[in-house]
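We name chains A, B, ... by the order of the sequence lines, and we start the count at 1 in each one.
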Amino acid sequence: GAVVSQHPSWVICKSGTSVKIECRSLDFQATTMFWYRQFPKQSLMLMATSNEGSKATYEQGVEKDKFLINHASLTLSTLTVTSAHPEDSSFYICSARDAQARGGFNQPQHFGDGTRLSIL
Amino acid sequence: RKEVEQDPGPFNVPEGATVAFNCTYSNSASQSFFWYRQDCRKEPKLLMSVYSSGNEDGRFTAQLNRASQYISLLIRDSKLSDSATYLCVVKGDTGRRALTFGSGTRLQVQP
(Lines give C-alpha, C1' and ligand atoms only; values in the text may rest on other atoms or scores of the structure.)
Protein backbone atom coordinates (compact mmCIF):
# COMPACT_ATOMS: atom_id res chain seq x y z
CA GLY A 1 0.00 0.00 0.00
CA ALA A 2 0.91 3.65 -0.23
CA VAL A 3 3.63 4.68 2.20
CA VAL A 4 4.73 8.09 3.39
CA SER A 5 8.10 8.35 5.07
CA GLN A 6 8.81 11.22 7.45
CA HIS A 7 12.22 12.00 8.87
CA PRO A 8 13.43 12.58 11.52
CA SER A 9 11.04 11.01 13.97
CA TRP A 10 12.41 12.86 16.98
CA VAL A 11 14.38 16.08 17.33
CA ILE A 12 15.66 17.77 20.45
CA CYS A 13 17.56 20.99 19.94
CA LYS A 14 18.36 24.35 21.44
CA SER A 15 16.27 27.44 21.04
CA GLY A 16 17.21 29.38 17.93
CA THR A 17 18.06 26.31 15.86
CA SER A 18 16.42 25.69 12.51
CA VAL A 19 15.02 22.22 11.99
CA LYS A 20 14.18 20.58 8.67
CA ILE A 21 11.61 17.80 8.44
CA GLU A 22 11.29 15.68 5.31
CA CYS A 23 8.18 14.00 3.99
CA ARG A 24 8.48 11.50 1.15
CA SER A 25 5.89 9.51 -0.72
CA LEU A 26 7.66 6.22 -1.38
CA ASP A 27 5.57 4.50 -4.00
CA PHE A 28 3.34 7.15 -5.42
CA GLN A 29 3.49 10.69 -6.67
CA ALA A 30 1.93 13.43 -4.60
CA THR A 31 1.40 16.82 -6.19
CA THR A 32 0.02 17.97 -2.87
CA MET A 33 1.17 17.21 0.63
CA PHE A 34 -0.20 18.55 3.88
CA TRP A 35 1.57 19.57 7.05
CA TYR A 36 -0.22 19.27 10.37
CA ARG A 37 0.74 20.09 13.91
CA GLN A 38 -0.59 18.54 17.07
CA PHE A 39 -0.06 19.98 20.53
CA PRO A 40 -0.54 17.68 23.55
CA LYS A 41 -4.15 16.62 24.08
CA GLN A 42 -5.28 18.61 21.07
CA SER A 43 -6.35 17.65 17.60
CA LEU A 44 -4.26 17.78 14.48
CA MET A 45 -4.41 21.21 12.94
CA LEU A 46 -3.54 21.90 9.34
CA MET A 47 -0.60 24.27 9.03
CA ALA A 48 -0.11 24.45 5.30
CA THR A 49 -0.71 22.78 1.99
CA SER A 50 2.44 22.03 0.04
CA ASN A 51 2.12 22.20 -3.73
CA GLU A 52 4.72 20.70 -6.04
CA GLY A 53 6.38 23.38 -8.11
CA SER A 54 4.56 26.31 -6.55
CA LYS A 55 4.20 28.19 -3.29
CA ALA A 56 2.65 26.57 -0.28
CA THR A 57 -0.70 27.72 1.02
CA TYR A 58 -0.64 28.58 4.70
CA GLU A 59 -3.52 28.46 7.14
CA GLN A 60 -4.52 31.55 9.02
CA GLY A 61 -2.21 32.23 11.93
CA VAL A 62 0.71 30.19 10.57
CA GLU A 63 3.78 32.30 9.82
CA LYS A 64 5.08 31.45 6.38
CA ASP A 65 8.46 33.01 7.12
CA LYS A 66 8.89 30.82 10.15
CA PHE A 67 7.64 27.57 8.66
CA LEU A 68 9.31 27.29 5.29
CA ILE A 69 7.90 24.69 2.94
CA ASN A 70 9.58 23.40 -0.16
CA HIS A 71 7.98 20.88 -2.49
CA ALA A 72 10.56 20.53 -5.21
CA SER A 73 9.57 17.12 -6.53
CA LEU A 74 6.50 14.90 -6.78
CA THR A 75 7.72 12.74 -3.92
CA LEU A 76 9.32 15.14 -1.44
CA SER A 77 8.14 18.03 0.66
CA THR A 78 10.19 19.64 3.42
CA LEU A 79 9.15 21.78 6.35
CA THR A 80 11.81 23.94 7.97
CA VAL A 81 11.06 25.44 11.35
CA THR A 82 13.34 28.46 11.41
CA SER A 83 14.78 29.80 14.65
CA ALA A 84 12.70 27.38 16.67
CA HIS A 85 11.58 28.34 20.17
CA PRO A 86 10.10 26.25 22.99
CA GLU A 87 6.55 27.19 21.95
CA ASP A 88 7.23 25.45 18.60
CA SER A 89 7.65 22.14 20.42
CA SER A 90 4.97 19.90 19.00
CA PHE A 91 4.20 16.81 16.96
CA TYR A 92 4.51 17.63 13.27
CA ILE A 93 3.02 15.24 10.77
CA CYS A 94 2.72 15.23 7.02
CA SER A 95 0.25 13.50 4.79
CA ALA A 96 -0.15 12.91 1.10
CA ARG A 97 -2.73 11.52 -1.21
CA ASP A 98 -2.10 9.51 -4.32
CA ALA A 99 -3.93 11.71 -6.82
CA GLN A 100 -3.81 8.92 -9.37
CA ALA A 101 -5.55 6.43 -7.11
CA ARG A 102 -9.10 5.47 -7.95
CA GLY A 103 -11.48 7.83 -6.21
CA GLY A 104 -9.25 10.84 -6.71
CA PHE A 105 -9.78 13.57 -4.15
CA ASN A 106 -12.04 11.39 -2.05
CA GLN A 107 -9.26 8.96 -1.27
CA PRO A 108 -8.04 9.08 2.33
CA GLN A 109 -4.65 10.52 2.98
CA HIS A 110 -1.56 8.59 3.97
CA PHE A 111 0.33 9.89 6.95
CA GLY A 112 3.99 9.90 7.79
CA ASP A 113 5.03 8.64 11.21
CA GLY A 114 5.33 12.18 12.53
CA THR A 115 8.19 14.18 14.00
CA ARG A 116 8.27 15.01 17.65
CA LEU A 117 10.06 18.33 18.03
CA SER A 118 11.32 19.44 21.41
CA ILE A 119 12.97 22.83 21.71
CA LEU A 120 14.92 23.43 24.90
CA ARG B 1 -18.03 26.66 16.72
CA LYS B 2 -15.51 23.98 15.79
CA GLU B 3 -15.74 22.51 12.32
CA VAL B 4 -15.75 18.97 13.72
CA GLU B 5 -16.91 18.30 17.26
CA GLN B 6 -16.48 15.18 19.31
CA ASP B 7 -16.98 14.21 22.92
CA PRO B 8 -13.40 13.97 24.25
CA GLY B 9 -14.28 11.18 26.70
CA PRO B 10 -12.59 9.24 28.10
CA PHE B 11 -14.86 6.29 27.62
CA ASN B 12 -13.86 3.56 30.04
CA VAL B 13 -15.50 0.27 29.10
CA PRO B 14 -14.95 -3.38 30.02
CA GLU B 15 -13.77 -5.90 27.47
CA GLY B 16 -16.62 -7.19 25.36
CA ALA B 17 -18.69 -4.04 25.72
CA THR B 18 -20.26 -2.16 22.85
CA VAL B 19 -19.37 1.50 22.66
CA ALA B 20 -20.57 4.28 20.36
CA PHE B 21 -18.90 7.54 19.44
CA ASN B 22 -20.60 10.51 17.87
CA CYS B 23 -19.37 13.43 15.86
CA THR B 24 -20.95 16.49 14.27
CA TYR B 25 -19.57 18.68 11.51
CA SER B 26 -20.49 22.22 10.57
CA ASN B 27 -19.69 22.43 6.86
CA SER B 28 -22.64 21.10 4.93
CA ALA B 29 -20.51 21.04 1.77
CA SER B 30 -18.20 18.41 3.23
CA GLN B 31 -17.56 15.61 0.79
CA SER B 32 -15.86 12.73 2.57
CA PHE B 33 -15.85 11.38 6.06
CA PHE B 34 -13.51 9.08 7.90
CA TRP B 35 -12.74 7.63 11.27
CA TYR B 36 -9.05 7.50 12.16
CA ARG B 37 -7.45 5.86 15.13
CA GLN B 38 -4.51 7.47 16.90
CA ASP B 39 -2.41 5.73 19.50
CA CYS B 40 -0.47 7.82 21.95
CA ARG B 41 2.36 9.72 20.27
CA LYS B 42 1.73 8.03 16.94
CA GLU B 43 0.41 9.13 13.60
CA PRO B 44 -3.31 8.73 12.82
CA LYS B 45 -4.23 5.54 11.00
CA LEU B 46 -7.32 5.20 8.85
CA LEU B 47 -9.91 3.00 10.49
CA MET B 48 -12.67 3.29 7.95
CA SER B 49 -14.48 5.57 5.55
CA VAL B 50 -18.03 6.61 6.35
CA TYR B 51 -20.93 6.53 3.92
CA SER B 52 -24.60 7.45 4.10
CA SER B 53 -25.44 3.82 3.43
CA GLY B 54 -23.39 2.77 6.41
CA ASN B 55 -20.12 0.92 6.46
CA GLU B 56 -19.27 -2.18 8.47
CA ASP B 57 -15.87 -3.73 8.93
CA GLY B 58 -15.84 -6.59 11.37
CA ARG B 59 -16.65 -5.21 14.82
CA PHE B 60 -16.74 -1.63 13.57
CA THR B 61 -19.76 0.09 12.05
CA ALA B 62 -19.77 3.68 10.84
CA GLN B 63 -22.77 5.71 9.84
CA LEU B 64 -23.29 9.12 8.27
CA ASN B 65 -26.41 11.27 8.49
CA ARG B 66 -25.96 14.15 6.07
CA ALA B 67 -29.21 15.85 7.01
CA SER B 68 -28.14 16.08 10.65
CA GLN B 69 -24.43 16.45 9.79
CA TYR B 70 -23.74 13.63 12.19
CA ILE B 71 -21.29 10.74 12.06
CA SER B 72 -21.14 7.75 14.33
CA LEU B 73 -18.82 4.87 15.07
CA LEU B 74 -19.93 1.71 16.85
CA ILE B 75 -17.46 -0.78 18.24
CA ARG B 76 -18.81 -4.16 19.28
CA ASP B 77 -17.10 -6.71 21.51
CA SER B 78 -14.39 -4.27 22.58
CA LYS B 79 -10.85 -5.58 22.87
CA LEU B 80 -8.03 -4.25 25.00
CA SER B 81 -6.24 -3.38 21.76
CA ASP B 82 -9.07 -1.03 20.82
CA SER B 83 -7.83 1.42 23.46
CA ALA B 84 -6.85 4.55 21.55
CA THR B 85 -8.12 7.96 20.52
CA TYR B 86 -10.68 7.89 17.72
CA LEU B 87 -10.64 10.88 15.42
CA CYS B 88 -13.62 11.97 13.38
CA VAL B 89 -12.28 13.42 10.14
CA VAL B 90 -14.00 15.41 7.44
CA LYS B 91 -12.84 16.50 4.04
CA GLY B 92 -14.38 19.67 2.72
CA ASP B 93 -15.46 20.51 -0.76
CA THR B 94 -13.10 20.03 -3.68
CA GLY B 95 -11.65 23.50 -3.21
CA ARG B 96 -10.10 22.41 0.04
CA ARG B 97 -8.54 19.00 -0.05
CA ALA B 98 -6.98 18.84 3.41
CA LEU B 99 -8.61 16.99 6.24
CA THR B 100 -10.26 18.58 9.25
CA PHE B 101 -9.88 16.59 12.42
CA GLY B 102 -12.05 16.44 15.46
CA SER B 103 -10.25 16.61 18.77
CA GLY B 104 -10.74 12.90 19.24
CA THR B 105 -12.54 10.62 21.67
CA ARG B 106 -10.39 8.65 24.03
CA LEU B 107 -11.36 5.01 24.57
CA GLN B 108 -9.93 2.88 27.34
CA VAL B 109 -10.95 -0.76 27.32
CA GLN B 110 -10.37 -2.43 30.67
CA PRO B 111 -9.87 -6.12 31.46
Side-chain angles (χ1 to χ4, degrees), chain A residues 1-7 9-10 21 23 30-51 56-60 62 69 77 89-99 101-118, chain B residues 1-10 21 23-27 29-52 55 57 62 64 66 71 84-106 108:
Chain A
V3 176
V4 173
S5 173
Q6 188 172 340
H7 178 80
S9 56
W10 195 292
I21 303 169
C23 181
T31 55
T32 302
M33 292 185 177
F34 305 96
W35 288 96
Y36 297 85
R37 178 169 56 183
Q38 185 177 32
F39 291 106
K41 298 189 179 182
Q42 294 186 27
S43 186
L44 279 80
M45 296 297 293
L46 179 67
M47 297 177 66
T49 302
S50 171
N51 303 298
T57 304
Y58 289 81
E59 296 299 297
Q60 192 173 10
V62 178
I69 291 174
S77 174
S89 299
S90 186
F91 184 57
Y92 292 84
I93 192 164
C94 68
S95 74
R97 187 189 61 246
D98 183 354
R102 191 177 300 178
F105 291 144
N106 289 324
Q107 281 293 306
Q109 294 176 14
H110 304 283
F111 286 86
D113 290 341
T115 298
R116 192 156 299 281
L117 176 63
S118 296
Chain B
R1 183 187 172 190
K2 291 182 182 178
E3 286 190 60
V4 180
E5 294 212 53
Q6 292 181 252
D7 181 344
F21 303 140
C23 166
T24 57
Y25 60 96
S26 60
N27 184 356
S30 298
Q31 295 284 313
S32 307
F33 310 89
F34 309 96
W35 282 101
Y36 277 76
R37 169 192 169 132
Q38 186 176 27
D39 293 288
C40 187
R41 295 173 174 262
K42 299 283 188 180
E43 77 281 14
K45 292 186 184 297
L46 178 67
L47 182 64
M48 59 199 311
S49 300
V50 190
Y51 308 110
S52 298
N55 187 17
D57 183 3
L64 165 67
R66 283 189 182 271
I71 304 164
T85 296
Y86 290 82
L87 304 171
C88 177
V89 182
V90 173
K91 191 183 82 66
D93 57 28
T94 54
R96 179 180 168 82
R97 293 167 286 166
L99 301 176
T100 301
F101 288 81
S103 55
T105 300
R106 179 95 180 101
Q108 185 67 48

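Looking at every heavy atom in both residues, A:S43 comes nearest to B:S103 through CB-CA, 3.4 Å. Nearest heavy-atom pair, B:P44 versus A:F111, reported as atom, atom and distance to 0.1 Å: O-CD1, 3.8 Å.
Using a 4.5 Å cut-off between heavy atoms, A:T32 touches chain B through its side chain atoms alone. Contact annotation for A:Q38: only side-chain heavy atoms (C-beta onward) come within less than 4.5 Å of a heavy atom of chain B. Contacts of A:W10 with chain B are made by side-chain atoms alone, with heavy-atom separations under 4.5 Å and no backbone atom involved.
A heavy-atom distance below 4.5 Å is not found between the side chains of B:L99 and A:S95. Using a 4.5 Å heavy-atom threshold, the side chains of B:Q38 and A:L44 count as touching.
Your options are B:R106, B:K42, B:E43, and the one with the most heavy-atom pairs under 4.5 Å with chain A is B:E43.
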